[in-house]
> 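Next up is a structure, given as structure tokens.
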Amino acid sequence: MDLRKIYSPRHMHTFQVIAVTGMIMTALAQLVLVLVKKEIPNFEWLYPCWLALYVFGLFRNIYAKPHDDHHH
């Protein structure tokens with residue numbers, strides 16, 4: 001397995017890129033919430049959701065065929 005599929009944005013699947021972006025944006029939003037002293041119930045549940053999406057994208061990336069394009 002090519003380990004770059006785990007950490008390199010160039011080799012990540014689209015779902016992985018979305019999940020990493022979501023985690024970064026969620027962390028920034030949580031930082032803003034802490035700074036303005038607001039609390040959203042169950043906000044931390046976003047992290048396992050982003051992680052699940054990342055793992056799904058990782059498996060898609062690992063087990064996908066190299067040229068699995070659908071050209072019409």
Side-chain angles (χ1 to χ4, degrees):
M1 180 180 102
D2 186 9
L3 292 179
R4 291 179 295 181
K5 292 181 178 183
I6 297 173
Y7 64 85
S8 175
R10 287 185 144 191
H11 295 87
M12 285 184 183
H13 190 273
T14 306
F15 289 122
Q16 289 174 287
V17 174
I18 292 169
V20 169
T21 304
M23 279 194 190
I24 292 169
M25 296 305 291
T26 300
L28 290 174
Q30 193 165 21
L31 178 65
V32 169
L33 287 171
V34 167
L35 292 175
V36 297
K37 296 181 173 106
K38 297 279 183 178
E39 185 176 329
I40 297 175
N42 300 323
F43 189 78
E44 65 276 356
W45 280 100
L46 285 171
Y47 295 108
C49 294
W50 291 126
L51 181 63
L53 185 64
Y54 180 85
V55 170
F56 173 74
L58 180 63
F59 283 126
R60 294 268 313 203
N61 197 0
I62 291 172
Y63 296 113
K65 296 178 182 157
H67 298 290
D68 200 13
D69 297 331
H70 298 290
H71 294 285
H72 296 281

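The first residue of the sequence shown is numbered 1, and numbering continues consecutively from there. A quick note: this is a predicted structure, and the numbers were derived from the prediction, not measured.
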> Check the pair Met12, Val20 against side-chain contact (heavy atoms from CB on, under 4.5 Å), reporting the backbone distance first and the verdict last.
CA-CA 10 Å; Met12 285 184 183; Val20 169; 4.2 Å; yes
> Are Ile18 and Tyr54 side-chain neighbours, meaning at least one heavy-atom pair lies under 4.5 Å?
no
> In terms of hydrophobic clustering (I, L, V, M, F, W, Y; side-chain heavy atoms under 4.5 Å; direct or indirect links), are Val17 and Leu28 co-clustered?
yes
> Asn61 and Gln16: which non-hydrogen atoms are nearest, and at how many Å?
ND2-OE1, 3.2 Å
> For residues Met23 and Tyr47, report the shortest heavy-atom separation together with the two atoms involved.
CE-O, 4.0 Å
> How long is the gap from CG on Leu58 to CG on Leu51, to the nearest 0.5 Å?
10.5 Å
> Within the supplied structure, the quantity of interest is the number of heavy atoms (other residues, nucleotides, ligands) at a distance under 6.0 Å from Glu44 CD; does it exceed 12?
yes
> Trp50 and Ala19: which non-hydrogen atoms are nearest, and at how many Å?
O-CB, 3.3 Å
> Is there side-chain contact between His13 and Phe59, with heavy atoms separated by less than 4.5 Å?
no
> What about Ile24 and Leu31, same hydrophobic cluster or not, with Ile/Leu/Val/Met/Phe/Trp/Tyr joined at side-chain heavy-atom distances under 4.5 Å?
no
> Give the cluster check for Val34 versus Leu46: same hydrophobic cluster or not, with ILVMFWY residues linked at side-chain heavy-atom distances below 4.5 Å.
no
